[in-house]
Novice: 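If you scroll down you'll find the structure; I have some questions about it.
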Amino acid sequence: MTAVESLRDETNVAAPAQQADVRLDGVTKSFDDVVAVDDLTVEVPKGSFFALLGPSGCGKTTTLRMIGGFEEPDAGAIFLGDRAVTGLPPHKRDVNTVFQSYALFPHLTIFENVAFGLRRRRIKGKQLAGRVHEMLGLVDLHGMDQRKPRQLSGGQQQRVALARALVNNPQVLLLDEPLGALDLKLRKQMQLTLKQIQHEIGITFVHVTHDQEEAMTMADTIAVMNGGRIEQLGPPEDLYERPRTSFVARFLGASNLLPGTVEENGRVRLRSGHVVEVSDGAVERGTEVAVGIRPEKLRVGGEQLANRLRGTVAERSYVGVATQYIVSTADGTLTLFVQNAEPGAGSLEPGADIDLSFDPEAAFVVDHTQEEDT
Amino acid sequence: MTAVESLRDETNVAAPAQQADVRLDGVTKSFDDVVAVDDLTVEVPKGSFFALLGPSGCGKTTTLRMIGGFEEPDAGAIFLGDRAVTGLPPHKRDVNTVFQSYALFPHLTIFENVAFGLRRRRIKGKQLAGRVHEMLGLVDLHGMDQRKPRQLSGGQQQRVALARALVNNPQVLLLDEPLGALDLKLRKQMQLTLKQIQHEIGITFVHVTHDQEEAMTMADTIAVMNGGRIEQLGPPEDLYERPRTSFVARFLGASNLLPGTVEENGRVRLRSGHVVEVSDGAVERGTEVAVGIRPEKLRVGGEQLANRLRGTVAERSYVGVATQYIVSTADGTLTLFVQNAEPGAGSLEPGADIDLSFDPEAAFVVDHTQEEDT
Amino acid sequence: MSVAAQRLPVAHRRTGVWAFVKRHFLTAYAIGAFVYLLLPIAVVIAFSFNDPKGRFNYVWQGFTLDNWIHWNAVPGLQDAVVLSLEIALLSSLIATALGTLIALALVRYNFRGRGTTNLWIFLPMSTPEIVLGASLLALFLNLHFATGFATILIAHIMFNISFVVVTVKARLVGFDVHLEEAAMDLGADPWTTFRKVTLPLIAPGILAGGLLAFALSVDDFVITYFNSGSEVTFPLFVWGAARVGAPPQVNVIGTAIFVIALAAMAANILIQARRSKHAKGMA
Amino acid sequence: MGRRRGSTPYLLLGPGLAWLAAFFLVPLVLLAYQSLQSGSFDFGYQFTWEFSNYWDAITNYKTQLIRSFVYAGLATLLALLISYPLVYWIAFRGGRWKNLFLLAIIAPFFVTYLIRTLAWQNILADQGMVVGILRDLHILAPDGRLLATSTAVVAGITYNFLPFMALPLYVALEQIDPRLLEAAQDLYASRLRVFLRVTLPLSLPGVFAGTLLTFIPAAGDFINAQLLGTPNQHMIGNVIQSKFLELIDYPAAAALSFVLMAFILVGVAAYSRALGTERLTG
Amino acid sequence: GGSDDGEGAAGTTTSSGQQQLAKTLMFSNWTLYIDIDPKTKKPGTLQQFQQKTGTTVRYFEDINDNATYFGKIQRPLSQGQSIDRDIIVLTDNSRFPGLLIDKGWAEKLDKSAIPNISNLQASLQHPSFDPNRDYSLPWQSGMTGIASNLKLTGTPVTTMDDLLENPKYKGKVTLLTEMADTMSLVMLANGDDPTNVTDASFDKAYDRIKAAVDSGQVRQFTGNDYTGPLSRGDLACCMSWSGDVVQLTQDNPNLKWNLPETGGDIWTDNMLIPKGGDAYTASAFMNFVYDPKIAAQIAAYVTYVSPVKGAREEAMKIDKKVAANTLIFPDDETLSKVKIFDSKALTNQDYLERWQTVIGA
Ligand SMILES: Nc1ncnc2c1ncn2[C@@H]1O[C@H](COP(=O)(O)OP(=O)(O)OP(=O)(O)O)[C@@H](O)[C@H]1O
Ligand SMILES: Nc1ncnc2c1ncn2[C@@H]1O[C@H](COP(=O)(O)OP(=O)(O)OP(=O)(O)O)[C@@H](O)[C@H]1O
Ligand SMILES: [Mg+2]
Ligand SMILES: [Mg+2]
């Protein structure tokens, strides 16, 4: 409780809490030997949609739990708005969480689960029922309001968890994989719903997801975490087009990384001796780097593009939208996708020689040394 | 238990269980008022990778639970191999399950969780430790073997659940969204692992997933469930290219469905009066249908293709690999993707007129009436 | 941790007294409750060092260790205590086993007569001790079953069962059945599933039931008296002795059991803790 | 709840119920037989379907019956109030010492009832410190006392049945998933609300078990009233005691016992319906 | 009958008509109610008896309440089953010794084997439940009188009137649960004869006690659990047994015991031979403990009143202080003031029930 009292005072002097946003300042949390979150500093602007991406076990949930007030940071401070909330109990934070493990109340009906937060705020009768049913409608759970959680399917439970948090219109909503158990169709639908709610009520979302497309399409800002630290933070396009580390490059969608040495600005000599042009040239001469190129940016044949590579088709597999080729070259094996709609998309047999080319604009350079750490 | 006895006898007469595969024959299961699985009949060939797709709450888990022996079907019979297993308790079925809710043993360490099944088979000492650690290695959980489940992150727990089932090399493996909580990179890695194991040991996989790409790339056969029934069953390409119902069409990736009437074989008059050619013509004249076309099969401009549509760009959004356009036409709004790698991919501003065309081969016809039921 | 150390003081500087009270209220309460529970024991312990000249150990006379040194000076006391402990251990063990099984059946299975059984379980508890003891004696006599150790044991098990059943049931309700399913799925037969999964998870319930049974048994007077034949348990002895006095040795024995039990439990806990630490170490 | 049928449940019930049948049910039948006898010890009893025994039992000892239930009820309530926070603390803050604390709860039973009570008499003596303080605080009249009052009797029952409340409570509390409490807090529930809306409901099975384990034996208790009460505090247990031992009126004693049991069973049934834990406790 | 291993049970008659002692004697007594040899920590008397006669006494301290013990043994006895005892000890302020005899559940003493019976105190020779001592012999006796805590009373309380009516002692008084004890003292105070109870005298006493209870004058009816409160000072004065006070005074000199001026009550723990017991061996044992030496040895240890004449003189040799204690060896003047309660009244169901209601049950 210690901080609580002091905070009461603080809030009086502090600016009105409306302009709440989330700020973590050098936050660290370890569980006995494991460092779950390591000196994390990040700022989430009010009303923005902030996505937290990262490999399993990198500290996403722990971060959310600290914002929600379920874990005390070992070090560092957390701010909601201008208000340092370290030590403030969860129920005093205008933050709601969709828990990764749902944490639905087994003894309450779906209705009561969703109504829980509202009741705490003395909302009653028609108004209560109205909002609850509206919310259950939004998550497609009509007519299940009298069931108990254990009578629901996984996805249905997850949607209840979502509804239970959303119905309160908090300043900040923490979502820990809120859609992970939903099928694509429903997930898209929910994504739209979330976006709408965000626009309408201007909630700040902190969204943990494993679905990169989800992050890409929904988030204003994405932070890629790794081992308790933030590896790169920025708008979706940047992270995808200009990953700063090979970890990010690999983490966001498949990447082809070709090791080489910087010749002179704009030019990299690959292991095979072959030289390729790259657009961003701010790398010092002689440094070991890797040239990155997204599979879908590799074109088959096509003299039209500056950089060329030769190889032979090792594998071909069908992935709905496109055909995926694994091509082995002197600089390592590359993956590429060819749109099936393109003429003769699936035509190349394994073993066939293949000419590949890519635009310097489409390539990016990451420090090669980092390649190991993934 | 009564049924068990009778089964004991049966097994004696039955063929050797090796050639196990899973067969459900008119299986029905309802929970009080809800019919979770409705007269389901399906056959999973031995050693095949069978994916179960379907919207949340359609009965996937219930189906798995009946195969695993945790629920008794109200009607119908279940066979493992040639052996009717109705009433056979779970531990007598050579089937292992990865539970959607993990169901890890909270009182046992990770090691003991994974070792549980092996110990039941009297495997001890070095051999036991060896296999457990190998498996923990496969799921990237080195050095966590002495932790308790609650000390793991969501994804780590899920991997333990996976390891716990895999380590036993059962005849049939039931996976209920085994990779749902993993990030793309890890998920891909696990997918490969699963595929390998399947090839090496020839396990039969029944795999519930929400990740369509996962289903597409991994499964030999996909069954799309809806409301406890199987809507369509077949190899991935078929389902994607030739969905038989609009539900399947919509469920597997976005689809543009244009309502119209069959003019004469191969030709459909859309609402706007515009006529388009379609390849599969086995539909009777005059029937109300919908012409389906995948977003990525729609080309911008391009006189080269038989069918054309006019419209104006309503929305444009960026989705990493491609740019997504929402186009409104006389026959309804269409979605299409343009590869960013294509020249001038993202160039069209909202409001601009746009010419679309598609190949009759790329289009499919589904009965229009079904459109509602989604 | 060093980082943590830096900011902890910050937290503490802001600690008001009221805040402190608020945070530690529950703990304070718990301590209070334990004082209330153990106060009489404290007195008993104190008076085990009393040095009364007469046979009544009521008024503080002075400190002495004699009672402890000559703890078995009172004839019959030692045997009585040993008998009581034997009975209490055996009866609580058996009753716990039987009771747990009943609880499992009642919570886990639907069967004809479940409701009735549920109610019947409460009957032995609601039967006044005297009549219960007496009619049980009648039964033994009609069977020409010599009363003694065996009959005491039988009686104690009988009235312990219900308490165990009710306690264990409270644990079984809300047990996550999926865990048992998982065990079965991994090839564990029902018995193994029970041993490896159910049992460890409901252990607190069973322990609690066992403790209750032990407490009941070790403290029972009426029912025991009727069926004890010529055996004398600790409570019987004390009630008898009370007529001519309460020798301090009674306090000594009581204290001893109390201390030994707690010490044993503490040791057990510490050992387990060390083991688990050791296991972690190996990892 | 109840899942597979078949013989298993009966196998599980078998040993325990057999035991109860042999060593409880049979004596109970003898008792029932006795309760319908008439006559006197000196001239012997005959079985005469003497239902009047029951009628007399109810009419003559209304007061003691009611008193028993009132005292037992009060004691149960007190025990609940006292032990809930305690076991809550043990369950959520007890750490690895949980079991030690549990043992400490039943520890008073190691010294037998008489010694315990003597100790209490020592603590609550009219000349003792406690009473002194209470008198100074004017909670007690200057000549007021604690021993040999209804307060003493209820307090005695409370103390001696506390473990029967505490342990089942602990059992239920100990298995509550803390994540649920977090979720409740996340939804603006103050500590009190979390307790009322989540912890308490989830611990109901424990409350149910505890209250019954306390109330039922307490209602039949006689020893506390005998040692800590005046003649005006005697309970139905004392009546049965004296009927059986002093007056050697076995039929009356038996009839009274059955009346007591009947009341209790009806109570239990009603209670479990009311609390809705029939469903919970299976 | 006889020992539980059945051997040498009932005294057998040899050809010569000479009686033989059984190998073992089964003796049930109250807890801590026999002398303990400080060296062997075993009952000295029993050892001496064995040395003298070769009969081992199996000694059970399994009696701790007359009613409860009777409730326990009555069923086998009523079914004609033996209870495996040769001697049991019951108190005559309860109805049970009489009941045992009336029901024919007691064996006659073999007086030929008890020459020492002549040492029985005169005042104890003709109790109404066994006028000629055909079935019973006293083990120890005790007197019921008034104990006062001088701290609170100042001077010893010597009348039942103070006890029952003096407001000074309101709520600081206890009476005894046993009808015989309380009734006889009240009757004596009323000027009635407790050895021959009439409805009139009973009603008179009953009403007086009831009044005292209702007024709150009487705090509790007790067994010997008055001892604690008395010595702690919760009680000003109470009805109490001489033997207890002997012990209590050692710790609390402020306690004083005396007979009411109007006279007191004497009760006796009687040795009886339950049906199936070995009368001859039992009698032989009784004879042994009626040897003044032995009697003195027992009395000196248990500090109750010895029923044996001459025990006092013998006690002189053991422990002068004890011998001088009139609570253990009352003088004849005291003995003349104590009465034995009418045993007919003790078996009067109506009296008993009314008594039970007044003491609360
Ligand atoms: N115990 C139960 N009682 C009542 N209804 C249930 C129960 N379990 C499942 N259902 C219902 O049965 C239907 C199928 O449930 P199931 O768990 O099989 O769905 P699912 O396909 O696994 O969904 P998801 O993809 O969300 O896990 C759902 O509508 C669910 O609400
Ligand atoms: N209670 C705990 N005790 C010990 N270690 C823990 C505990 N909780 C989490 N960890 C560890 O801290 C790290 C971060 O956990 P966290 O749950 O934040 O990961 P995450 O990013 O949410 O992973 P996921 O995507 O799989 O949920 C993990 O390595 C995990 O093993
Ligand atoms: Mg997580
Ligand atoms: Mg499911």
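All chains are named by letter (A, B, ...) in the order of the sequence lines, taking the proteins before the strands, and each is independently numbered beginning at 1. When reading the values below, keep in mind they use all heavy atoms of this one structure, side chains included, and skip hydrogens, waters and symmetry mates.
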Novice: Is the shortest heavy-atom distance from the side chain of D:Phe208 to the side chain of C:Val166 under 4.5 Å?
Specialist: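 No, their side chains stay 4.5 Å or more apart.
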Novice: Heavy-atom pairs under 4.5 Å with chain D: which of C:Leu172, C:Ile154, C:Ile202 has the most?
Specialist: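 Answer, by heavy-atom pair count under 4.5 Å with chain D: C:Ile154.
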Novice: Between D:Leu213, D:Leu202, D:Ile240, who has the most heavy-atom pairs with chain C when the cutoff is under 4.5 Å?
Specialist: D:Leu213
Novice: Of the non-hydrogen atoms in D:Gly237 and D:Phe222, which two are nearest, and what is the gap between them?
Specialist: C-CB, 3.4 Å
Novice: With a 4.5 angstrom heavy-atom cut-off, could you sort out which part of D:Ile223 is near chain C: side chain, backbone, both or neither?
Specialist: side chain
Novice: Select, from D:Leu245, D:Val111, D:Thr112, the one with the greatest count of heavy-atom pairs under 4.5 Å involving chain C.
Specialist: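 Of the options given, most contacts go to D:Thr112.
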Novice: Ring centres under 6.0 Å, that's the criterion: do C:Phe214 and D:Phe110 meet it?
Specialist: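 Ring-ring flag for C:Phe214/D:Phe110: true, centres closer than 6.0 Å.
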Novice: Below 4.5 Å from any heavy atom of chain D, which atoms of C:Tyr29 appear? Answer side chain, backbone, both or neither.
Specialist: side chain
Novice: Taking side chain as everything from C-beta outward and backbone as N, CA, C, O, which of these in D:Leu162 sits under 4.5 Å from a heavy atom of chain C? Side chain, backbone, both or neither.
Specialist: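 Side chain only.
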Novice: Does any backbone or side-chain atom of C:Leu207 lie under 4.5 Å from a heavy atom of chain D? Answer side chain, backbone, both or neither.
Specialist: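 Side chain only.
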Novice: Pick from D:Lys98, D:Arg116, D:Gln175, D:Met261: which one has the most heavy-atom pairs with chain C under 4.5 Å?
Specialist: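 Heavy-atom pairs under 4.5 Å are most numerous for D:Gln175.
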Novice: When you measure from the centre of the six-membered ring of D:Tyr10, is the NZ or CZ of C:Arg112 closer than 6.0 Å and no more than 45° off the axis?
Specialist: no
Novice: When the aromatic ring centroids of C:Trp239 and C:Tyr225 are compared, is their separation below 6.0 Å?
Specialist: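 So the answer is no for these two rings.
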Novice: Taking the six-membered ring where the residue is Trp, are the ring centres of D:Phe24 and C:Phe159 under 6.0 Å apart?
Specialist: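 Here the rings of C:Phe159 and D:Phe24 have centres that are no less than 6.0 Å from each other.
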Novice: Can you tell if the side chain of D:Phe69 reaches within under 4.5 Å of the side chain of D:Leu65, non-hydrogen atoms only?
Specialist: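 D:Phe69 reaches D:Leu65 side chain to side chain.
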Novice: Given a strict heavy-atom distance threshold of 4.5 Å, which part of D:Ile264 is in contact with chain C: side chain, backbone, both, or neither?
Specialist: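 When you check distances to chain C, only side chain atoms of D:Ile264 fall under 4.5 Å.
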Novice: Quick check for you: among D:Leu256, D:Leu11, D:Val26, D:Leu30, which has the greatest number of heavy-atom pairs under 4.5 Å with chain C?
Specialist: D:Leu30
Novice: Is it true that D:Trp19 and D:Phe23 have ring centroids separated by less than 6.0 Å?
Specialist: yes
Novice: Select, from D:Pro15, D:Ala22, D:Pro85, the one with the greatest count of heavy-atom pairs under 4.5 Å involving chain C.
Specialist: D:Pro85
Novice: Looking at the rings of D:Tyr84 and D:Phe195, which for Trp means the six-membered one, are their centres under 6.0 Å apart?
Specialist: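 Close enough - the centres of the two rings lie under 6.0 Å apart.
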Novice: Select one option (side chain, backbone, both, neither) describing which atoms of D:Arg93 are under 4.5 Å from chain C's heavy atoms.
Specialist: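 When you check distances to chain C, only side chain atoms of D:Arg93 fall under 4.5 Å.
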Novice: What's the verdict on side-chain hydrogen bond (donor to acceptor under 3.5 Å, both in side chains) for D:Tyr88 and D:Thr199, showing C-alpha distance, side-chain angles and the deciding distance?
Specialist: CA-CA 10 Å; D:Tyr88 183 96; D:Thr199 318; 4.8 Å; no
Novice: Side chains of D:Val259 and D:Tyr61: closer than 4.5 Å at any heavy-atom pair?
Specialist: no
Novice: Just give me the residue among C:Asp219, C:Leu262, C:Val165 that pairs up with chain D most often, heavy atom to heavy atom, under 4.5 Å.
Specialist: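 Between C:Asp219, C:Leu262, C:Val165, the count favours C:Asp219.
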Novice: If I measure from the heavy atoms of chain C, does D:Asn99 come under 4.5 Å with its side chain, its backbone, both, or neither?
Specialist: both
Novice: Would you mind telling me which of C:Asn268, C:Leu211, C:Ile31, C:Leu132 has the largest number of heavy-atom pairs within less than 4.5 Å of chain D?
Specialist: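 Most pairs with chain D among the choices: C:Leu211.
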Novice: Which one of C:Asn142, C:Leu136, C:Val222 has the most heavy-atom pairs closer than 4.5 Å to chain D?
Specialist: C:Leu136
Novice: Does the side chain of C:Asn57 come within less than 4.5 Å of C:Pro248's, by heavy atoms?
Specialist: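 Sidechains of C:Asn57 and C:Pro248: in contact.
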Novice: Does any heavy atom of chain C fall under 4.5 Å from the side chain of D:Ala104, the backbone, both, or neither of them?
Specialist: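 For D:Ala104, backbone and side chain are both near chain C.
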Novice: Treating D:Ser68 as the side-chain partner and D:Ile236 as the backbone partner, does any N or O pair qualify as donor plus acceptor under 3.5 Å?
Specialist: yes
Novice: Among C:Val250, C:Val131, C:Leu39, single out the residue with the greatest number of heavy-atom pairs under 4.5 Å to chain D.
Specialist: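 Looking at each of C:Val250, C:Val131, C:Leu39 in turn, C:Val131 comes out on top.
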Novice: Side chain, backbone, both or neither: which part of C:Phe140 has a heavy atom under 4.5 Å from chain D?
Specialist: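 The side chain, not the backbone.
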Novice: Report which part of C:Gln272 has an atom under 4.5 Å of a heavy atom belonging to chain D: side chain, backbone, both, or neither.
Specialist: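 Neither; nothing under 4.5 Å.
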Novice: Is the backbone of C:Asn227 close enough, under 3.5 Å, to the side chain of C:Thr151 for a donor and an acceptor to pair up by distance?
Specialist: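 Side chain of C:Thr151 to backbone of C:Asn227: a pair is present.
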Novice: To the nearest 0.5 Å, tell me how far C:Ser48 OG sits from C:Ile41 CD1.
Specialist: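 It is 11.0 Å, given to the nearest 0.5 Å.
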Novice: Can you tell which part of D:Phe244 gets under 4.5 Å to a heavy atom of chain C, answering side chain, backbone, both or neither?
Specialist: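 Side chain only.
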Novice: Can you say whether D:Ile82 sits under 4.5 Å from chain C via the side chain, the backbone, both, or neither, judging by heavy atoms?
Specialist: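 Its backbone and side chain both get close to chain C.
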Novice: Below 4.5 Å from any heavy atom of chain C, which atoms of D:Leu169 appear? Answer side chain, backbone, both or neither.
Specialist: neither
Novice: So which part of C:Phe221 gets closer than 4.5 Å to some heavy atom of chain D, the side chain, the backbone, both or neither?
Specialist: neither
Novice: For each of D:Ala172, D:Gly220, D:Ala107, D:Ser203, tally heavy-atom pairs with chain C at distances under 4.5 Å, and name the one with the top tally.
Specialist: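 Between D:Ala172, D:Gly220, D:Ala107, D:Ser203, the count favours D:Ala107.
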Novice: If we define contacts as heavy-atom pairs under 4.5 Å, which of C:Leu201, C:Leu104, C:Leu270 has the most with chain D?
Specialist: C:Leu270
Novice: Between the side chains of C:Thr224 and C:Thr233, is a donor N or O closer than 3.5 angstrom to an acceptor N or O?
Specialist: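 No, no side-chain donor-acceptor contact under 3.5 Å.
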Novice: C:Thr100 versus chain D, heavy atoms under 4.5 Å apart: side chain, backbone, both or neither?
Specialist: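 Interface part for C:Thr100: neither.
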